[in-house]
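Predicted model, so just to flag it, every value in this text is computed and none were measured. Only heavy atoms go into these numbers, but all of them, side chains included; no hydrogens, no water, no symmetry mates.
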Amino acid sequence: MKGCNISMDRLYTSVEVYNSLLKNDITMIGTWNTNRQGVPVELKKVDKDTPVNSSVTWYQIDDESDLPAAKKNKMILTSYVVKKSGGQKKNCLVMSSVPVVRGVTKDDKATKPQIIKLYDYSKGGTDVFDQHIGGYSTKPKCNKWPHVVFYFLLDTIRVNAQTVWALNNGVNPRQVDSYAWGLKLVEALTKPAIGMRNRVGLGAYTLSCVNLFAPPAPFTSFVGTPAIYPTRGELRSHCRDCLAGLQGVGYKAKRVKLGKVKTICQGCGSPRCSKHLTSLCSSCSK
């Protein structure tokens with residue numbers, strides 16, 4: 001990605017990211033919160049006398065760095081004062097490492113600096129990313145910051161995985177159905193865990209939902225398999241097949257009345273009663 005430019009929003013913009021990209025010959029441009037570390041005090045304040053649509057540009061050149069001249073820290077900060085809907089003034093701060101773009105624009109009835117216009121023109125990827133996250137997000141209604149960060153990471157991983165999958169399969173990422181792709185992703189991640197879930201004791205509705213996503217595995221015959229378990233266990237336990245037939249209402253009461261056995265299957269080692277055991281001689285089991 002050397003020689004490329006990355007446009008980002010205020011969530012990712014920081015001095016650390018700026019320096020890391022510049023060392024790899026990657027320029028960046030992005031909005032920056034005024035409460036972040038490293039913002040000059042002169043650019044944070046917005047006085048009452050500050051006119052709307054006014055701008056201030058601040059430059060920082062790291063002359064003490066040992067890097068070549070092309071890779072030296074040349075930070076450009078542009079402060080642009082706008083008026084919010086409530087009448088208050090807001091400081092729009094943009095960090096950039098691209099060559100200085102001088103002048104202003106008036107095409108949208110506002111005297112914007114050229115660097116602001118460049119950001120508006122090149123930020124399309126961030127807007128598309130926000131739209132992908134906002135359309136189908138995993139974030140619940142919770143304001144605890146660990147949860148907010150965790151679910152944001154999940155949404156970011158989902159969007160990036162969808163983009164990588166589309167590029168690897170020769171499909172335009174904009175033409176991929178996010179809902180259908182997300183549903184396939186959920187099924188691929190949850191089916192293994194649902195398939196390993198113990199279905200004994202589940203209600204009829206829950207069991208039907210589990211079987212819908214992960215149908216039960218077909219019965220496997222152990223005839224011809226050498227015995228690896230003894231015929232009787234040390235502890236008395238409920239028969240697995242009898243427990244499987246106690247689904248639905250009154251499960252707990254029926255389980256209390258169900259007897260326990262010590263006989264176990266020599267193929268899988270699970271307890272079985274006499275109704276669900278088949279006795280075979282050594283010749284027939286081969």
Side-chain angles (χ1 to χ4, degrees), residues 128-142 144-230 233-235 237-252 254-255 258 260-261 263-273 276-278:
V128 173
F129 180 78
D130 293 338
Q131 291 175 3
H132 277 291
I133 289 182
Y136 307 101
S137 177
T138 59
K139 180 182 177 182
K141 293 183 179 180
C142 181
K144 294 183 179 180
W145 72 265
H147 292 187
V148 174
V149 173
F150 175 73
Y151 289 112
F152 175 78
L153 292 176
L154 286 182
D155 292 336
T156 303
I157 293 172
R158 192 261 304 173
V159 174
N160 292 340
Q162 178 179 337
T163 304
V164 172
W165 176 88
L167 295 176
N168 290 339
N169 290 272
V171 182
N172 187 352
R174 294 178 178 267
Q175 297 179 354
V176 178
D177 189 350
S178 298
Y179 177 80
W181 194 91
L183 183 60
K184 291 182 179 179
L185 178 63
V186 170
E187 291 179 352
L189 294 176
T190 56
K191 274 188 176 181
I194 295 177
M196 293 185 296
R197 181 176 180 178
N198 186 7
R199 308 184 188 191
V200 176
L202 297 179
Y205 177 75
T206 305
L207 184 62
S208 63
C209 294
V210 171
N211 292 336
L212 179 63
F213 278 91
F219 174 75
T220 303
S221 176
F222 288 94
V223 176
T225 303
I228 57 177
Y229 293 97
E234 297 181 357
L235 300 178
S237 303
H238 294 295
C239 174
R240 291 290 180 85
D241 292 335
C242 293
L243 285 177
L246 301 181
Q247 306 291 343
V249 182
Y251 167 78
K252 293 184 178 180
K254 295 178 181 179
R255 177 168 178 161
L258 187 64
K260 296 182 179 181
V261 295
T263 53
I264 60 176
C265 174
Q266 292 184 278
C268 63
S270 59
R272 291 294 191 274
C273 65
H276 301 103
L277 277 178
T278 301

Atom of Ile264, atom of Pro271 and distance for their closest heavy-atom approach:
CG2-CA, 4.0 Å
Under 3.5 Å, which donor-acceptor pairs do the side chains of residues 149-160 form with other protein atoms, sequence neighbours left out?
{"residue": "Asp155", "atom": "OD1", "partner": "Thr138", "partner atom": "N", "Å": "3.0"}
{"residue": "Asp155", "atom": "OD1", "partner": "Thr138", "partner atom": "OG1", "Å": "3.0"}
{"residue": "Asp155", "atom": "OD2", "partner": "Ser137", "partner atom": "OG", "Å": "2.7"}
{"residue": "Thr156", "atom": "OG1", "partner": "Phe152", "partner atom": "O", "Å": "2.8"}
{"residue": "Arg158", "atom": "NH2", "partner": "His132", "partner atom": "O", "Å": "3.0"}
{"residue": "Arg158", "atom": "NH2", "partner": "Tyr136", "partner atom": "O", "Å": "2.7"}
{"residue": "Asn160", "atom": "ND2", "partner": "Thr156", "partner atom": "O", "Å": "3.2"}

Distance, nearest 0.5 Å, that separates NZ of Lys254 from CG of Leu243:
12.5 Å
Contact summary for Val148 and Cys142, nearest pair of heavy atoms
CG2-O, 3.7 Å
Thr263 to Cys273 - nearest heavy-atom pair and separation:
OG1-CA, 4.3 Å
Ignoring hydrogens and geometry, is there a side-chain-to-backbone donor-acceptor pair from Asn169 to Val171 under 3.5 Å?
no
Show every donor-acceptor pair shorter than 3.5 Å between a side-chain atom in residues 179-196 and any protein atom, with sequence neighbours excluded, or say none if there are none.
{"residue": "Thr190", "atom": "OG1", "partner": "Val186", "partner atom": "O", "Å": "2.6"}

Exercise: identify the closest heavy-atom pair between Cys239 and Arg272:
SG-CA, 3.7 Å
Could you tell me whether the side chain of Gln162 reaches within less than 4.5 Å of the side chain of Pro173, counting heavy atoms only?
no
